[in-house]
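Order of appearance sets the numbers: ligands from 1, and atoms from 1 within every ligand. Hydrogens, waters and symmetry mates play no part in the numbers below; they use all other heavy atoms, side chains included.
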Amino acid sequence: SIKKVSGRQIFDSRGTPTVEATVELQNGLTACASVPSGASTGQYEACELRDGGKEYQGKGVEKAVSNINGKINSALQGKCIFGQQELDQTMIALDGTDNKSRLGANAILAVSLACAKAGAKASNMEFYRYLGGMDGVTLPVPMMNILNGGAHASNNVDIQEFMIRPVGAQSFREAMKIGTEVYHQLKKVLHSKGLSTTVGDEGGFAPDLEDDEQALQLLVEAIEGAGYQPGKEVNIAIDAAASEWFQNGKYFFPKKKKELTREELISYFERFCEKYPVVSIEDPLGEEDFPGFTEITRQIGNKVQIVGDDLFVTNPKRLQKGIEQQSANAILIKPNQIGSLSETMLSIRLAQQNGYQTIISHRSGETEDTSIADISVALNAGQIKTGAPARTDRVCKYNRLLKIEQLLGDAAVYPSSRSR
Ligand code: PGA
Ligand code: ZN
């Protein structure tokens, strides 16, 4: 059972304060977890509690930390470490708000994950095994964000993420080989064209480009240059993060100063999918635009994965609405959007039961915590999005997956297009 729960302020990959929690058990075992933080956050996400004021530009998390050391510690002391649902429910009830604004979703999630890790340790099990039992065997297809724009880079590209998906690989290990080769090839291509090879928040390159379409051309060139077939062995996913563009009923690209209606924006993406091997679009429309999502899903959802991130915010209630309105066919899963492990798992299962694809995701501000790697395998999510295959805040998740694949041995499954 739990002896003590404590919190500390640490820093994320952008140098912004974030929360780490430690759980100590009666038998002396301890486990730690830390939480990430987004830049293009959805309006309906659970509350990330920040101190305000002058220090750390208002972004300190000492209030969240003291909630862990005080109220949460008192509520969880003595409780059984294996009752994850009950531990999470206790914190949710103690918070008492819809969006976890009293204790902070950052405080609750850090403790929730630390408890689960402590439970795994106490059971002498790998974390993915503890979460998923013997069922968790599927390594995710990595969606590697190798060209950054939007709120994650100070270049002139409005689309936030251009990702590669190594679907022709036979294993996760081979997917990493392909992904890193294409990443390095892209660097060469950019360099040869006199374009910048500095990187954005998620480790992808962030050059200034003529238009967003040029990013797709560069990715195709890099895939081919690395010796792979675009659309066959490696395909492309984008995250428009279009909530960032929504203004007075229209979509305004802040960097290129271009304004489009919903219908024009849908056609814009449809053209991308016809001309390039783009097979997945995340947040093509704004977080309020359920009808727009339904329209684009109706038009191209039979061949393209339409992913709700800011639209669903990992919230079972918003996902349920999307299922009813056929607004998408996939959901991005970010544990800190909802604020506890149990609710995260609930959203994944609800999606899976309704035929939605699931993509487990990092945030643009990350820590060395690799929980999402284990969650992705435990629940057979099928896909993970955790940045470029560069920078330790991103690569630590990929490295954990390499380890899990090895631990699984012959039982490991990689969803390869070749085996389909
Ligand atoms: P964020 O971006 O972590 O900055 O919100 C990630 C995403 O939009 O998928
Ligand atoms: Zn997104």
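Close approach of ligand 1 to H152 is summarised as follows: ligand atoms under 4.0 Å from at least one heavy atom of the residue are 1 (P), 2 (O), 4 (O), 6 (C). In summary, the atoms of ligand 1 found under 4.0 Å from a heavy atom of G38, numbered by their order in the structure, are 1 (P), 3 (O), 4 (O), 5 (O). Per-residue contacts place S364 under 4.0 angstrom from the following atoms of ligand 1 (heavy atoms of the residue considered): 1 (P), 3 (O), 4 (O). For ligand 1, the atoms sitting less than 4.0 Å from at least one non-hydrogen atom of S40 are 1 (P), 2 (O), 4 (O), 5 (O), 8 (O), numbered in the order shown with element in parentheses.
At a heavy-atom cutoff of 4.0 Å, ligand 1 is contacted by the side chain of L332 but not by its backbone. Of all the heavy atoms of D239, the ones lying under 4.0 Å from any atom of ligand 1 belong exclusively to the side chain. Residue contacts with ligand 1, taken as heavy atom pairs separated by less than 4.0 Å, do not involve A241 at all.
D369 and T367 share no donor-acceptor pair across their side chains, judged by distance under 3.5 Å alone. Side-chain atoms of E366 and S37 form no donor-acceptor pair, as typed in the model, at a separation below 3.5 Å.
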Working for salt bridge (charged side-chain N to carboxylate O under 4.0 Å, His left out), residues D158 and K258: CA-CA 10 Å; D158 283 293; K258 187 164 68 178; over 6 Å; no
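In terms of N/O distances under 3.5 Å, ligand 1 is not approached by E45. Checked by distance only, ligand 1 and D309 come closer than 3.5 Å through their nitrogen or oxygen atoms. Considering backbone and side-chain N/O of H362, none are found under 3.5 Å from N/O of ligand 1. For ligand 1, the polar-atom distance check finds no N/O of R14 at less than 3.5 Å from any of the ligand's N/O atoms. Note: an N/O pair closer than 3.5 Å links Q160 and ligand 1 by distance alone. Inclusion of A39 in the set of residues having an N or O under 3.5 Å from an N or O of ligand 1 is warranted.
No option in K403, K117, R400, K121 other than R400 meets the salt bridge (charged side-chain N to carboxylate O under 4.0 Å, His left out) test with E126. The residue from T344, D309, T314 that alone fulfils the side chain to side chain donor-acceptor pair (under 3.5 Å) condition with K334 is D309. Each of I164, V220, N235 was compared with P230 under the side-chain contact (heavy atoms from CB on, under 4.5 Å) criterion, and only V220 meets it. For the salt bridge (charged side-chain N to carboxylate O under 4.0 Å, His left out) with E45, the lone residue among K100, R318, R363 that qualifies is R363.
The nearest protein atom to atom 6 (C) of ligand 1, hydrogens excluded, is given as K334 NZ, 3.3 Å; this is a heavy-atom distance. The nearest protein atom to atom 5 (O) of ligand 1, hydrogens excluded, is given as R363 NH2, 2.7 Å; this is a heavy-atom distance. For atom 9 (O) of ligand 1, the nearest protein heavy atom (residue, atom name, distance) is K385 NZ, 2.6 Å.
Nearest heavy atom pair, residue T18 against residue D12, reads CG2-N, 4.0 Å.
With a cut-off of 2.8 Å, the protein N/O/S atoms near the Zn ion (ligand 2) add up to 3.
Within the structure, every pair that satisfies the side-chain hydrogen bond (donor to acceptor under 3.5 Å, both in side chains) test and touches residues 208-222, not counting sequence neighbours, is listed here: K193-E221, E213-R271, E213-K275, E213-Y276, Q217-Y276. The stretch residues 193-237 participates, sequence neighbours left out, in these ring-ring contact (aromatic ring centres under 6.0 Å, His included) pairs: Y183-F205.
In this view, F172 satisfies the ring-ring contact (aromatic ring centres under 6.0 Å, His included) rule with no residue, not counting sequence neighbours.
Put simply, the side chain of M176 reaches to within 4.5 Å of the side chain of L402, judged on heavy atoms.
Distances shorter than 4.0 angstrom do not occur between any heavy atom of S361 and any atom of ligand 1.
Salt bridge status for E48 with R50: present, with a side-chain N to carboxylate O gap under 4.0 Å. Electrostatic pairing of R14 and D201 counts as a salt bridge here, judged by a charged N lying under 4.0 Å from a carboxylate O.
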